[in-house]
Amino acid sequence: MSKMVKHNTKGNLFVSRATKTGSILNTTSQSRFSKRSDANITQSRRSVTMSESKLGEAKTSGPGRLDIVVLDDNGHDVTPKPLYIVDPSTQKSQLFNSDNQSTVGTPTDILSFASMYQTGTASAYAQPFSRSIYGSTSNRSARSKISSIESSGEITESGPEITTGFADVMTVRKEEVEELTENDLNKVINITLEETDTILMFEQKGVAVSEEGEDAQITEKRNQAYEELCKTKEGNDRFSDRGMQTFNNALKNKEIQAEKVGLTDAGINVTSWDMYDTYTSIAAPPSDETAQATPGSRAVSIIESSQHKTKQGSEEESLTTSRITESRASVLTMSVMGEVEPETPAQTERPVTMEGSESGVNPQWEAICNGESIKRHLVIIERVVTENIYQPKQATYRGMQILVDPDKEKFETESQAGTVSPDIMTSRAPTLDRLWSYHCSLTKGRNVASMAWNKKNSDILAVGYGQFGFSEQSKSKGGLACCWNMKNPEFPERVYHCKASVTAVDFSSGNPNLLAVGLYDGTVCIYNVRNTEDSPVVDSFDCHGKHSSPVWQLCWIEREKGVGDERGEILVSISADGRIVQWSIRKGFECVDLMKLKRISSKSHQKKKEKSEAFISRQAPGMCFDFHPKDTNMYLAGTEEGLIHKCSCSYNEQFLDSFTGHTGPMYKVKWSPFSQDVFLSCSADWSIKLWTQGILKPVLTFHSTTKAVHDICWSPYSPTVFCAVNEGAVEIWDLSTNTLDALINTLASPGTKLACSIFSKNSNSVLVGDSDGQVSVYQLRNMQENTTIQKVNSLTEIVESTVASQVDTKNGDEKKKE
Amino acid sequence: MSEIEETIKRIQSHKGVIGIIIVNNEGIPIRTTLDNSTTVQYAGLVHQLTMKARSTVRDIDPQNDLTFLRLRSKKHEIMVAPDKDYLLITIQNPSE
């Protein structure tokens, strides 16, 4: 029985031929290599004709023609037919076509063939040659393939199989090799790297055993036994040394060439805040992450020219080692120096002195400038710088200790010491100590018209600049309202340009960020000082009830009484068109007339007992007003004629009282903050008058100068102290010491006229504005300080005593007449 | 933008101010009113110091951050306003 033995190898089907010669080799080889072979090799075949195929020779055999014919017992031809019929023409072409590639492919093919033959069918070839060494056979078959391939056009008898396999492989090869076009070369090829199976090359099991393992005790016992053995080995008869020869394998040096492994040093400082940053950035949404990563990525993009690839993310920010900073700096300058900056000559007005580095850092500078934080930082820096310069003055202002610069002393011991305090300290008389002044180039030449403190932050001062006279209006370029901060006396923090001269300013107390500004042309504007825009929030330009003449005074009044929506804060203005107007911001800027100032012709007292009637001819220009500090329904208004009217918000047609006495326009009228009935007035008739509510004639008159008194201000600390500003001097009056002369009289600098004054709320100082745009801060020194209770009463006492004396004289006069 | 330029000029004209340097977050000066060598020197050194100061503050409490740094020496005072993207350095001689 002949059996067909089939061996399945990789992809190719080989047929092994059982021969009649059963050799040991066959048995072994077959049994070794065939899995499914049940060929009984010892059985001999009846007839097998096989032509010897010499591997050395090359024979062409037709396709499909087998030289071996196998017949079984019954004489049937059971010759295995070839499974693959190959066209020789294609074979040849394939063989010769890919000469270049074939050489590349051949070694592997041969090796693969060798392996294939190893697995299965070498036995077939072993037989004809009756060689017993498998290895040599396979070698030979390998060699035969080489020779068969190399020889042209020669296909061996084992050809079909060889060529079959080879042709197969060759076709595969052929498909893979293509003409590479230009596009192909430029095409992006995706290469996927996958993890291959782990190839175990060497394994050495550890010789250490854990103490807690199961075999630990056994191992320990063995270890101990061995140790004892070693100890007893020395003089023991059971052990004897013996020499032995070993094979020494020949050593061979093998060199390989490999690419140098690039090493890079990377250092990183890990800090706890760095970890915190990483966690917060991970937790934050991705949009934030990109925003955070941009500083790092920007750095990376700048260093792209170098080969160094850094990892992005928060680790970037933590690389603060100086080494990296320096390297980056050097790289940046290198990469930047290389670029040509064509615009550098055009940017010479910038005070940048880095040469050639603008191209790399300009976008950064732009980005920084567009941000908000740099403005804030610049403001802080300016304040800090200013503080360094002004610290002594500001400390004096606030009543704090002056910090002495320890380094400054050394320089000054040689030169004359102490320019600040000793002069003042030596004198005992009350004086004004000039601390500093608010002025800058913007305000130079402008007349200070009005000042107001911020109700919330008493360091912030609003100053309105504007000319008083009509003829001067055309000369000025418009008005200016500035907000100065005590922390920076060199430049205002807010500057608002107005189209006309500013005549009145006031801060709101309900909304401390609102600043009301009154202009010479009658407009009332409200600014929001929170933002730095130069435009008002509301403007009264469109109001139909607006003023047609200069707004001389503005005041925010907190109205407690009133019906419904009259409560809250309102803005009240008085202007030269004779109206006192109340403004409110509800739907727009609305105004309601509080009072129309009517002209009263007060005829001088005549012998006749006829009462002079109120003669309503036309409106009287209003100059100033002041609401009562306690009763916000009542206010005083001063007119250009010299009359003071006491009015009430409830009556808008009639005055409650009229105080006569002044002979010129009333510039200011002020209630005393300590005494409820007393108020003070100043006017252009060179005098200041003290009044009390019940009496329509002035109680006291202060003459000290021959110039118009522009402004008066009560001191918030002393009930009897007030400050008066006339064109040439600042006067501080103290009624408790002297009612005839001013306590302190400080002359203005020549060439300037003083225009307005205001007491400071948080310091014993007075601020005086002049016509040159300067607002000087004077601190009162050596003023008498009595207890306030005593002082409160002292003012009323003075008033009463004066009134009493006046009444006495009056009575005396009447008695005389009678 | 020009407002910032004006402010810088104004600070520069304050009494005793020697110079202003603006340094980016890598220690490279991008605006300065001093000469080149001084600028580079100040920029590098002050940047390192500010980074160290900020690291100190944040190590103690990572939610805290450095807002201002003043270094007073015998002759000068160096004031640094740090930010995420830049450093604003001002050098002043206050006793002038």
Side-chain angles (χ1 to χ4, degrees), chain A residues 269 271-277 280 295 298-299 302 317-318 320 322 325-326 328-329 332-333 350-355 357-358 360-362 364-371 373-382 384-389 391 405-408 410-412 440 490-491 532, chain B residues 1 3-5 7-17 20 22 24-36 39-40 44 47-48 51-52 54-55 57-65 67-68 70 72-75 77 79 81-86 88 90 92-96:
Chain A
N269 273 344
T271 51
S272 53
W273 53 266
D274 181 26
M275 293 191 279
Y276 172 82
D277 277 346
T280 44
R298 209 188 316 148
I302 289 172
E317 294 157 10
S318 69
T320 53
S322 59
T325 323
E326 283 160 18
R328 273 197 208 153
L332 176 67
T333 44
R350 283 210 197 163
V352 178
T353 56
M354 290 290 290
E355 298 200 357
S357 63
E358 286 197 22
V361 300
N362 248 350
Q364 277 191 345
W365 176 236
E366 299 282 337
I368 290 175
C369 281
N370 291 335
S373 60
I374 188 155
K375 289 182 197 149
R376 239 184 329 113
H377 282 296
L378 281 171
V379 165
I380 293 174
I381 286 264
E382 197 174 358
V384 169
V385 162
T386 315
E387 184 209 331
N388 277 337
I389 304 166
Q391 199 278 334
D405 192 356
D407 302 312
K408 196 176 172 185
K410 287 180 194 166
F411 294 129
E412 288 207 351
C440 73
E490 305 236 340
F491 199 76
T532 52
Chain B
M1 168 73 177
E3 188 190 318
I4 294 173
E5 305 280 341
T7 314
I8 291 178
K9 270 185 213 154
R10 211 169 60 229
I11 297 178
Q12 175 67 28
S13 62
H14 269 266
K15 184 174 142 222
V17 172
I20 301 177
I22 297 176
N24 73 349
N25 53 357
E26 287 152 18
I28 299 158
I30 43 181
R31 290 300 310 272
T32 177
T33 59
L34 297 168
D35 57 283
N36 206 358
T39 302
V40 169
H47 175 72
Q48 288 176 27
M51 289 300 129
K52 190 67 182 173
R54 179 184 265 155
S55 180
V57 167
R58 296 205 72 200
D59 261 345
I60 295 167
D61 178 15
Q63 293 180 332
N64 205 354
D65 200 3
T67 50
F68 205 80
R70 278 172 92 159
R72 184 81 177 89
S73 75
K74 273 193 192 166
K75 295 186 189 169
E77 177 159 2
M79 292 157 273
D83 188 80
K84 196 162 55 89
D85 301 327
Y86 61 88
L88 184 66
T90 311
Q92 188 191 19
N93 183 2
S95 57
E96 198 177 286

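Naming convention: chains lettered A, B, ... in sequence-line order (proteins, then strands); numbering from 1 in each chain.
Residue contact with chain A, scored on non-hydrogen atoms closer than 4.5 Å, involves the backbone and the side chain of B:S55 alike. At a 4.5 Å heavy-atom cutoff, B:I60 makes no contact with chain A through either its backbone or its side chain.
Under the side chain to side chain contact (heavy atoms under 4.5 Å, CB included) rule, B:Q12 has a single partner from B:V17, B:T90, B:L34, which is B:V17.
Contact of the B:H14 side chain with the A:E382 side chain is registered, since non-hydrogen atoms from C-beta on lie closer than 4.5 Å.
Across every non-hydrogen atom of B:F68 and A:I380, the tightest pair is CE1-CG2, 3.7 Å.
Between the CG atom of B:L88 and the CG atom of A:L378 there is a distance of 5.0 Å, given to the nearest 0.5 Å.
The most heavy-atom pairs under 4.5 Å with chain B, out of A:V385, A:I389, A:T386, come from A:V385.
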